[in-house]
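Contents: one structure, followed by commentary.
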Amino acid sequence: GESVGLHLPTLSVQEGDNSIINCAYSNSASDYFIWYKQESGKGPQFIIDIRSNMDKRQGQRVTVLLNKTVKHLSLQIAATQPGDSAVYFCAENTGGFKTIFGAGTRLFVKA
Amino acid sequence: GAGVSQTPSNKVTEKGKYVELRCDPISGHTALYWYRQSLGQGPEFLIYFQGTGAADDSGLPNDRFFAVRPEGSVSTLKIQRTERGDSAVYLCASSLAVAGANNEQFFGPGTRLTVL
């Protein structure tokens, strides 16, 4: 069946360093991918998205890279801050509005 | 402005009981989604509404789960004969659902359901 997964369940980085969170997806027909951030006790919060006709998209301190050849998605956070500590999910839209989430990566930022 | 709200924030019930979980989406958002999130897992899609109708209910685990959105705004997720395995955080999200656009989903804080 469809699945979106993550390579690393936890990631610990030093404040000020760059963070890279990776994700693999299995449905080659997916055309829209999203990264979400979830803090404890809160719902997921949209960070950045990318369509399958693109391979890179940049936002404020974040960049998403899409490699359709190997079905891989990554989120890069520049100059990681303590407020970036959270669980990060990649997700894919499968033809419309149904969204499939991965299991998540927990990011720890050390001061 | 007001975001997505969900009530109650916590619900504890006994096995076999009936529960209702409520979601108030962002005003003007025509699309509404329900997800279930177990500890340490990503949200699991349950159902999606476009207006008053359920456009995709393929994620509902069985016929004990039902959701309604009678006026195209507030939605209620109903669970009959609750089981301990239903314990999870139930998340609601809404979006503008503009055709051809990327539809950012705005999530509520969730309802934590505990079935004893």
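Protein chains get the first letters and strands the later ones, always in sequence-line order, with residue 1 at the start of each.
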Under a 3.5 Å distance rule, please check whether B:T30 uses its side chain to pair with a backbone N or O of B:L96 as donor and acceptor.
yes

Give a yes or no answer on whether the side chain of A:T80 reaches the backbone of A:D17 with a donor-acceptor pair at less than 3.5 Å.
yes

Under 4.5 Å from any heavy atom of chain A - which part of B:F106
neither

In residues 54-87 of chain B, which residues are in contact with chain A at a heavy-atom separation under 4.5 Å?
B:D56, B:S58

With only heavy atoms counted, which part of A:Q45 is less than 4.5 Å from chain B, the side chain, the backbone, both or neither?
neither

Do the rings of A:F101 and A:Y36 sit parallel, tilted or perpendicular, given the 30° and 60° boundaries?
tilted

Tell me the residues of residues 40-53 of chain B whose non-hydrogen atoms fall below 4.5 Å from those of chain A, in number order.
B:G40, B:Q41, B:G42, B:P43, B:F45, B:Y48, B:Q50

Could you tell me if the side chain of B:Y33 sits less than 4.5 Å from the side chain of B:S95, heavy atoms only?
yes

Closest approach of A:T99 and A:A91, non-hydrogen atoms and distance?
CG2-CB, 3.6 Å

Throw together a table of side-chain donor-acceptor distances under 3.5 angstrom for residues 63-71 of chain A, partners on residues two or more places apart or in other chains.
residue: A:N67; atom: OD1; partner: A:T69; partner atom: N; Å: 3.0
residue: A:N67; atom: OD1; partner: A:V70; partner atom: N; Å: 3.3
residue: A:K68; atom: NZ; partner: A:S52; partner atom: O; Å: 2.7
residue: A:K71; atom: NZ; partner: A:S26; partner atom: O; Å: 3.3

With side chains defined as the heavy atoms from C-beta onward, is the minimum distance between A:T105 and A:L75 less than 4.5 Å?
no

Heavy-atom distance under 4.5 Å between the side chains of A:S19 and A:D84, does that happen here?
no

All N/O donor-acceptor pairs, side-chain side in residues 6-13 of chain B, below 3.5 Å, sequence neighbours left out:
residue: B:Q6; atom: OE1; partner: B:C92; partner atom: N; Å: 3.0
residue: B:Q6; atom: OE1; partner: B:G110; partner atom: N; Å: 2.9
residue: B:Q6; atom: NE2; partner: B:Y90; partner atom: O; Å: 2.9

Kindly indicate whether the side chain of A:I50, heavy atoms from C-beta on, has any atom under 4.5 Å from the side chain of A:L73.
yes

